[in-house]
Amino acid sequence: MTAGLSAVVAAEVGELRLDVALDALPGEVVAVVGPNGAGKSTLLRALAGLIPLTAGRVVMGGTVLEDAATGHRLPPEQRPVALVFQDRLLFPHLSALDNVAFGLRCQGVRRAEAGRRAQAWLDRLGVGHRAASRPATLSGGEAQRVALARALAVEPALLLLDEPLAALDVEARAALRRELRPLMAGAGVRVLVTHDPLQAMILADRLVVLEHGRVVQHGKPREVAERPRSPWVAELVGVNLLRGHGRDDGVELADGGWLAAPGAGRGPVLAVVHPRAVAVHRRPPEGSPRNVWLGRSEAVELLGDRARVRVALDGRPPLVAEVTPAAVADLALHEGGQVWVTVKATEVRVFPA
Amino acid sequence: MTAGLSAVVAAEVGELRLDVALDALPGEVVAVVGPNGAGKSTLLRALAGLIPLTAGRVVMGGTVLEDAATGHRLPPEQRPVALVFQDRLLFPHLSALDNVAFGLRCQGVRRAEAGRRAQAWLDRLGVGHRAASRPATLSGGEAQRVALARALAVEPALLLLDEPLAALDVEARAALRRELRPLMAGAGVRVLVTHDPLQAMILADRLVVLEHGRVVQHGKPREVAERPRSPWVAELVGVNLLRGHGRDDGVELADGGWLAAPGAGRGPVLAVVHPRAVAVHRRPPEGSPRNVWLGRSEAVELLGDRARVRVALDGRPPLVAEVTPAAVADLALHEGGQVWVTVKATEVRVFPA
Amino acid sequence: GGEGHDGRATRLTVFAAASLTEAFEVLASDFEAAHPGIDVDLHLAGTPTLVFQLQQGATAGSLPADVVATADDASMQELVEAGMVAPPVVFARNRLAIAVPPGNPGGVGGVGDLGRPGLRVALADPAVPAGRYTAEVLARAGVEVPRPSREPSVKAVATRIELGEADAGVVYATDVRAARGRLDAVHILADDDVVARYPMATMVGTERPEAAEAFVAFVRSAPGQEVLAGAGFLPPAGEPVAG
Amino acid sequence: MTPRRGALALALALPGAALVGLPLVALVWKAPWSRAIELLAAPGALAALRLSLVSSMVAAALTVVLGLPLAWVQARVAYRGRGLVRALITLPVVLPPVSGGVALLVAFGRRGLVGQWLDRGLGLGLPFTPAGVVLAQTFVALPFLVLTTEAGLRALDTRLEDAARTLGASRAEVFRRVTLPLLAPSLAAGAALSWARALGEFGATITFAGNVAGRTQTLPLAVFLALQGDPESAVVLSLVLVGVSVAVLVGLRRHWVLGLVR
Amino acid sequence: MTPRRGALALALALPGAALVGLPLVALVWKAPWSRAIELLAAPGALAALRLSLVSSMVAAALTVVLGLPLAWVQARVAYRGRGLVRALITLPVVLPPVSGGVALLVAFGRRGLVGQWLDRGLGLGLPFTPAGVVLAQTFVALPFLVLTTEAGLRALDTRLEDAARTLGASRAEVFRRVTLPLLAPSLAAGAALSWARALGEFGATITFAGNVAGRTQTLPLAVFLALQGDPESAVVLSLVLVGVSVAVLVGLRRHWVLGLVR
Ligand SMILES: Nc1ncnc2c1ncn2[C@@H]1O[C@H](COP(=O)(O)OP(=O)(O)OP(=O)(O)O)[C@@H](O)[C@H]1O
Ligand SMILES: Nc1ncnc2c1ncn2[C@@H]1O[C@H](COP(=O)(O)OP(=O)(O)OP(=O)(O)O)[C@@H](O)[C@H]1O
Ligand SMILES: [Mg+2]
Ligand SMILES: [Mg+2]
């Protein structure tokens, strides 16, 4: 058995059937992303030993934490695991400091020493001045930091983070993004659930995409971003995803229509179109773009020096185009109405579905 | 008294002294941003009537909700206000549907009708299938949607949203971002607390930046982004902010050093440098850039097709530079070590502090 | 019951000591049968409770006491001194007995044995009438019981012996009879015997003096005495009532 | 729930269960069941049972009505001397029941502190009436409801009440729709305890309300009288009391707790 | 807290407070204070007070030790018949105290179901011993602790216990460091109630443990006997009981609750 995490997790809660395989080398960060209710938190709870596996096996650092086949099952407190809960779950009867010292005290560290180390963690996370406060008097972000400190303080081999940065302000988020790797240094494995694509892309060595309790895609963040395998992943990485059948020089789209794309191959394929490759026009475009559709400009988002326009197409998923704010004004895209979108055939990436 | 919101709020909780003025026209969305513990949630609680004002006055749609001077104070239930709590605070003993129907029932809507309308809101927020579930069995994002639905269902004139999208997945977040305006349609005022700069920029008509219980900056998002008045705001909008004293052709920086910038004016000024205007070199740059500093490359973040490098400068706040991923590789910026940064004088924006 | 002159039954309220329960329940129904138009309400509680309640004003109003029967003279004397009752009459007497569990496992032969070390003895507390009588018996016999359990009522003494927790105790003869074989009695020498007296009286200011007098008279009449004798009580004069 | 955990829990819970269970088993074992029907058929027994059930239910309802506001004030209003008041509320538990009855007589008796006004002004005599039974039972049972409910209120997250108010719920609606349902477990426990206490109440009742068959004689008083003559029948009557309370607790609890929570 | 709200709350809480308060005031008012010293100086009184304090404290501690696991099982282990067991646990409250004493005798007495083995095998006779007093008091007080604590446990967020376990706390540590402190308000209420019940206990004690002066005569027994002869002295002794319990509740509660929460 090698070091690192090797888990096959099957579990059931309510109507959810979770069935996930997850591997990580020592020192790696795995980001788990997916829609609400996909089972991400449930997966972390199963890894921590809070819900039993119905099948599968979890091995961490050469130790079998749980094996449904043999019935072997380490209780949560004997696993080298810490979990930062989505709801934080700070102990309401303890001060921030005592919350952080809790795990250390359970490990047998003496009161004074545990307090000292807890204070150091609080300082490191920027809430040292709130050490004496009860959780009820902490702000959302302060509580989140204390929860992080509490989990980090036990220096677990497997750290499970359920949206640890959601309530943090941008500054703290950026700081933690920078520091999370050093904070989490060592041979340990970190599993991070997040809804922030940036976090996932920046922090993760591996990305696992869960939907309906199953892995729909996994791999390096860059690979996933380049070859999204589901509309949700495409939305996550901010590209357009079209599904269809390869016909060598184009794709016969599943929702009807044709997408010219040289070298599309044959068989079921996915086509990725970056929003930058989509152009928007008020009049029928001249020249020779081969992919031209008529649609309706639906929504415009300004993102600093770029703007994204969502164009609804008849009976097909909408296409997102990236244009300049100036273009938004020139074309009066705000006002909705008919537009033509064009996609340069050379900028379509096609890969087998 | 005009329509819209006009509030001056002074309140105290723990060590925080909140002192904020906030105005909004009917139909406007005000985003309140600021560091953790700045007092954002406290502000919303005060507006909702959950904590008393020590001074000030809140007027909404021509009605005085509270006036500390006269002692007049409408109780929370008589205010045309709904609050989406940061911790959601769903009623654990009620199903998702009954949670959403709660406010309607309190308004005297009959059971069946309230249930129908609640179901419609749940559907609209994508959790219609979870209507019968108790909050304890909802996922984080599902709970967040129910909390949103609960507040929206009472169709309040003043809607207070404390990080309503934090737990939502990217798809839902984008969908809500698109739909929040129509969802919140009407003459009402919405106050939105968020840590997501994108949300703030996209959704808000006005941005109010709180720090330590006080407004440090307010205005249109674009204005704030262009002229950040505090390091925190600069971090929010992703630019470098330098403080100093204008000397016509440059700024004498508060932390020491000189920043060449033609037309810097005179007196206390703030200088904004976009990361794109910062270049990074492994060797002392040739040519004639007038702003050259020696520093140490600290951290690199890859953001898709861009990369941001943080360069620590001696005794001064670090500068963030935006470079291409290729440059990161070429310059081996990942490895840290000494670098030179240059800032084009013509790309420095200076304005009075 | 039946119809009184105003068309409703006359309700006669009798406060009686709890130890009289069984006898008075029969007496009340016999009396009702003999006097159509009068309903008897029995209030049964410990004698001290009765006295306290009467002192606290249970003499008129929602439930006026018309007749009171106590288990000892001393309590009745308190009421007499307070001017609350008419001169009382004794309507029954009782005799003490040593009760032992069936088969007499403690081998108790008489009062003298109660002082034997190692024997578990339950006695009524001197605060209650039976306790006072018991103390008198023991004093006359010159017996001192080491560490007795001072029970709050003579019935508690009986219960304790029935359950085998105590080897012997002093109770009324009526208690041994009521136990229906679950207790055996050891004869107490006549010299040592003390006779308990049960007085009853009508309340001063009762709104139903005739009915009250009638009830007292009924208890003292032959049929009434027969009922009391059936429960093991001795007649007031000391000799059995003619049948 | 692993089997090991279940076994350990059971082992720990056993001594307590035995302490309560063994005497009951013993009582059932010793009871003269052959005479049970005869005893129950006795005219007084059923009347006493009926009075006991009705009066204890009314008393339990009263403890809720009177005790809930008291608990609320104790849990939510910070005032000087709150600890003292809490201790004083406990007193009817400490007071030997007979003394409790004496205290009630001194207060509400016809010559009592308040009772004389009730009596003269309103013609309202409480002693020796079924109302007096209810009063005595409420008096001894109230502390159980108040203390249990107060503890429940303290454990409640008041932010949920805030949330309800922002949604337009008045104080009364908040109480009814949020506080009460969340309080249900504690309130149910408190009400069950106070009902049981009222049902079993003896000393204060006999002292304050008297022991008149068909009028103020509750089942515990009947047990007391039975004990005077025939201890065996007392055991049977006690078991009747036990059986009734089990039936009511098992039956009601389900309905009532669900009713509150709905 | 607006003044209006305070006034309303007070108004609602008043009837309950009056029900408990008036009898106590009346008792204090009627008490023959001039004879108080004489009564307290009586040889039995102080011994009875001492025994009452010690036995009720031991009994309260026992209810916690025996009742906590029972409450935990009831709150956390789902098994068939749990509702029935809950109802059965309530029974010592319903059982008239004297019947409770009889039940204890039948179970733990010299010829009792279990008692005969204790007696013969271990020479352990419980009746007529201070241990018997404690047993009787524990028996009647246990339900108050169990039901109150069970309700507290049900209201507790078990996810906090999960969180503690992921931080390496064993079950025992979770219980001590998380469950117990969060349970403190309910546990304190339950313990206070059961202590008070034990302190005031009369019927079961006198029936099971007897009334041996200096050995098993607790203050309530002294009160009862005093009441037989001299109701006035009974009032004074009752007030002593009341005063002691107030002092202990006010004094202990602070220390103890804080001790648990710390
Ligand atoms: N105890 C439970 N009983 C019933 N259903 C449950 C329970 N716990 C979770 N679920 C359901 O299982 C699904 C997965 O929940 P989970 O919390 O793992 O989602 P998630 O991926 O973390 O979502 P989110 O991004 O919203 O936090 C949800 O639909 C949820 O409602
Ligand atoms: N009841 C209280 N007692 C003491 N201090 C409090 C209390 N409530 C809030 N505070 C403090 O007031 C400050 C402001 O809290 P608030 O919740 O308003 O912050 P916030 O701006 O919403 O922060 P975040 O972004 O982290 O949610 C914090 O430092 C918090 O610890
Ligand atoms: Mg989740
Ligand atoms: Mg906040």
Side-chain angles (χ1 to χ4, degrees), chain D residues 9 12-13 15-17 19-20 22-24 26-27 30 66-67 69-70 73 77 83-84 87 89-96 98-99 102-104 106-107 112-114 139 142 144 147-148 151-152 154-155 185-186 189 192-193 196-197 199-200 202 220 223 227 238 241-242 245-246 249-250, chain E residues 9 12-13 15-17 19-20 22-24 26-27 30 66-67 69-70 73 77 83-84 87 89-96 98-99 103-104 106-107 112-114 139 142 144 147-148 151-152 154-155 185-186 189 192-193 196-197 199-200 202 220 223-224 227 238 241-242 245-246 249-250:
Chain D
L12 285 172
L19 179 60
V20 176
L22 281 176
L24 291 170
L27 215 54
K30 277 270 179 165
L66 299 175
L70 203 51
V73 168
V77 184
L84 188 68
I89 290 173
T90 323
L91 292 192
V93 185
V94 179
L95 218 52
V98 175
S99 302
V102 171
L104 284 172
V106 175
L113 209 56
V114 185
F139 174 71
L142 192 60
F144 299 105
L147 263 75
T148 307
R154 281 177 185 280
S186 292
L193 283 175
R197 181 70 187 83
L199 185 64
F202 162 72
V223 170
L227 215 50
S238 297
L241 208 54
V242 161
S245 83
V246 168
L249 285 177
V250 171
Chain E
L12 285 172
L19 178 60
V20 175
L22 282 175
L24 291 171
L27 216 53
K30 278 270 179 162
L66 299 176
L70 204 51
V73 168
V77 185
L84 188 69
I89 290 173
T90 323
L91 292 190
V93 185
V94 179
L95 218 53
V98 176
S99 304
L104 283 173
V106 176
L113 210 54
V114 185
F139 175 71
L142 191 62
F144 299 105
L147 265 75
T148 308
R154 283 178 183 279
S186 293
L193 283 174
R197 182 69 187 82
L199 185 64
F202 160 71
V223 170
F224 177 81
L227 204 58
S238 297
L241 209 54
V242 161
S245 84
V246 168
L249 285 176
V250 170

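All heavy atoms count here, side chains included; hydrogens, waters and symmetry mates do not. Because the structure is a prediction, the values reported are computed rather than measured. The chains referred to below are lettered A, B, ... by the order of the sequence lines, with proteins before strands, and numbering in each begins at 1.
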Q: With a 4.5 Å cut-off on side-chain heavy atoms, are Leu95(E) and Leu27(D) touching?
A: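 In contact.
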Q: On a heavy-atom basis, which atom in Leu241(E) and which in Pro96(D) lie closest, and how many Å separate them?
A: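 For Leu241(E) and Pro96(D), the tightest heavy-atom pair comes out as CD2-CD, 3.4 Å.
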Q: For Ala192(D) and Leu147(E), work out which heavy atoms get closest and say how close.
A: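 For Ala192(D) versus Leu147(E), the nearest heavy atoms are CB-CD2, 4.3 Å.
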Q: Is it the backbone or the side chain of Val20(E) that comes under 4.5 Å from a heavy atom of chain D, or both, or neither?
A: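 Both backbone and side chain.
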Q: Determine the option with the most heavy-atom pairs under 4.5 angstrom with chain E, choosing from Ala103(D), Ser238(D), Pro220(D), Ala107(D).
A: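 Winner by heavy-atom pair count: Ala103(D).
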Q: Sort Leu142(D) into side chain, backbone, both or neither according to what part of it lies under 4.5 angstrom from a heavy atom of chain E.
A: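 Contact with chain E: side chain only.
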Q: To the nearest 0.5 Å, what is the distance between OG1 (Thr148(E)) and CG (Leu193(D))?
A: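 Here the interatomic distance stands at 5.5 Å.
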Q: Who wins among Gly200(E), Ala196(E), Ala151(E) for the most heavy-atom pairs under 4.5 Å with chain D?
A: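 Among Gly200(E), Ala196(E), Ala151(E), the one with the most close pairs to chain D is Ala196(E).
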Q: Is it the side chain or the backbone of Pro92(D) that comes within 4.5 Å of chain E heavy atoms, both, or neither?
A: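 For Pro92(D), the contact with chain E is made by the side chain alone.
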Q: So which of Gly152(E), Pro15(E), Pro23(E) has the biggest tally of heavy-atom pairs under 4.5 Å with chain D?
A: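 Heavy-atom pair counts peak at Pro23(E).
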Q: Is it the side chain or the backbone of Val223(D) that comes within 4.5 Å of chain E heavy atoms, both, or neither?
A: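 Only the side chain of Val223(D) comes within 4.5 Å of chain E.
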Q: Quick check on the interface: out of Leu12(E), Ile89(E), Leu19(E), who has the most heavy-atom pairs with chain D under 4.5 Å?
A: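 Winner by heavy-atom pair count: Leu19(E).
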Q: Closest heavy-atom contact between Val250(E) and Ala87(D)?
A: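 Val250(E) and Ala87(D) have their closest heavy atoms at CG2-CB, 3.7 Å.
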Q: Under 4.5 Å from any heavy atom of chain D, what part of Val73(E) do you find: side chain, backbone, both or neither?
A: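 Interface part for Val73(E): side chain.
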Q: Using a cut-off of under 4.5 Å for heavy-atom pairs, which of Ser99(E), Ala155(E), Gly67(E) has the most such pairs with chain D?
A: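 Highest number of pairs under 4.5 Å: Ser99(E).
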Q: How about Thr90(E) and Ser245(D): do any of their side-chain heavy atoms sit closer than 4.5 Å?
A: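 No, every pair of side-chain atoms sits at 4.5 Å or beyond.
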Q: Against chain D, work out which of Leu104(E), Val242(E), Leu199(E) has the most heavy-atom pairs shorter than 4.5 Å and name it.
A: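 Ranked by heavy-atom pairs under 4.5 Å with chain D, first place is Val242(E).
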Q: Is the shortest heavy-atom distance from the side chain of Leu91(E) to the side chain of Leu24(D) under 4.5 Å?
A: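 Sidechains of Leu24(D) and Leu91(E): in contact.
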